[in-house]
Amino acid sequence: MIAELQCVVLDCPDPVRLAEFYRSVVGGRVNEPDRRWGLDENWATLHTDAGLVLAFQRAADHRPPQWPDPARPQQFHLDFGVPDLDAAQAEVVAAGASVLDDGSTDGAGEADPERAERPWRIYADPAGHPFCLVLHRAEQP
């Protein structure tokens with residue numbers, strides 16, 4: 001092993017606002033003191049209860065991805081497991097997310113019942129980064 005992952009960093013226009021958004025999604029503590037980095041108006045962190053740290057870095061000229069446009073690709077995204085897609089969708093939208101693809105239509109905007117049964121949906125956080133809610137099914141005995 002060469003290194004240990006310290007955190008995942010997302011560029012954004014407002015670090016604290018985005019940290020608060022993700023706190024509403026996964027829980028945790030925003031801007032918990034940590035000897036690994038300083039906190040200021042250009043850097044915020046979210047220490048999740050699962051141990052992962054997400055960091056948010058101010059980018060003055062932040063241009064959010066335009067999913068699925070390859071001219072401004074997503075570059076990376078986060079997947080969050082949830083027990084109920086409909087309930088989770090309502091919560092992330094109330095927290096500030098935008099729905100990019102809820103699976104109800106095909107790429108041309110036509111209703112597609114087969115896509116509605118897929119176990120994931122795609123959203124954008126308040127800074128425009130795509131993320132997915134993925135149905136987390138309990139393991140079968």
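Throughout, numbering of the chain's residues begins at 1 and tracks the sequence.
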Please examine the side chains of [Y] and [X], heavy atoms only from C-beta on, and report whether any two atoms are closer than 4.5 Å.
X	Y	value
Trp37	Thr45	yes
Tyr123	Leu133	yes
Leu54	Cys7	no
Cys12	Leu10	no

Please tell me whether Gln89 and Arg121 have a donor and an acceptor in their side chains that are separated by less than 3.5 angstrom.
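Yes - a donor-acceptor pair under 3.5 Å links their side chains.
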
Do [X] side-chain atoms and [Y] backbone N/O form a donor-acceptor pair below 3.5 Å?
X	Y	value
Arg58	Glu41	yes
His129	Asp11	yes
Arg23	Leu46	no
His62	Ala127	yes

Give a yes or no on whether Val9 and Phe80 share a hydrophobic cluster (residues Ile, Leu, Val, Met, Phe, Trp, Tyr; joining criterion: side-chain heavy atoms under 4.5 Å apart).
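No, because Val9 and Phe80 fall into different hydrophobic clusters, even though each may have its own neighbours under 4.5 Å.
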
Salt-bridge contact Arg17-Glu20 (side-chain N to carboxylate O under 4.0 Å)
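Salt bridge between Arg17 and Glu20, a charged N being under 4.0 Å from a carboxylate O: no.
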
With sequence neighbours left out, write down each residue that passes salt bridge (Lys or Arg N to Asp or Glu O under 4.0 Å) with Glu32, or none if nothing qualifies.
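Testing Glu32 for salt bridge (Lys or Arg N to Asp or Glu O under 4.0 Å), a comparison that skips the adjacent residues, returns Arg29.
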
If you round to the nearest 0.5 Å, how far is CZ of Phe131 from CZ of Phe21?
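Answer for the CZ-CZ pair, Phe21 versus Phe131, is 4.0 Å.
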
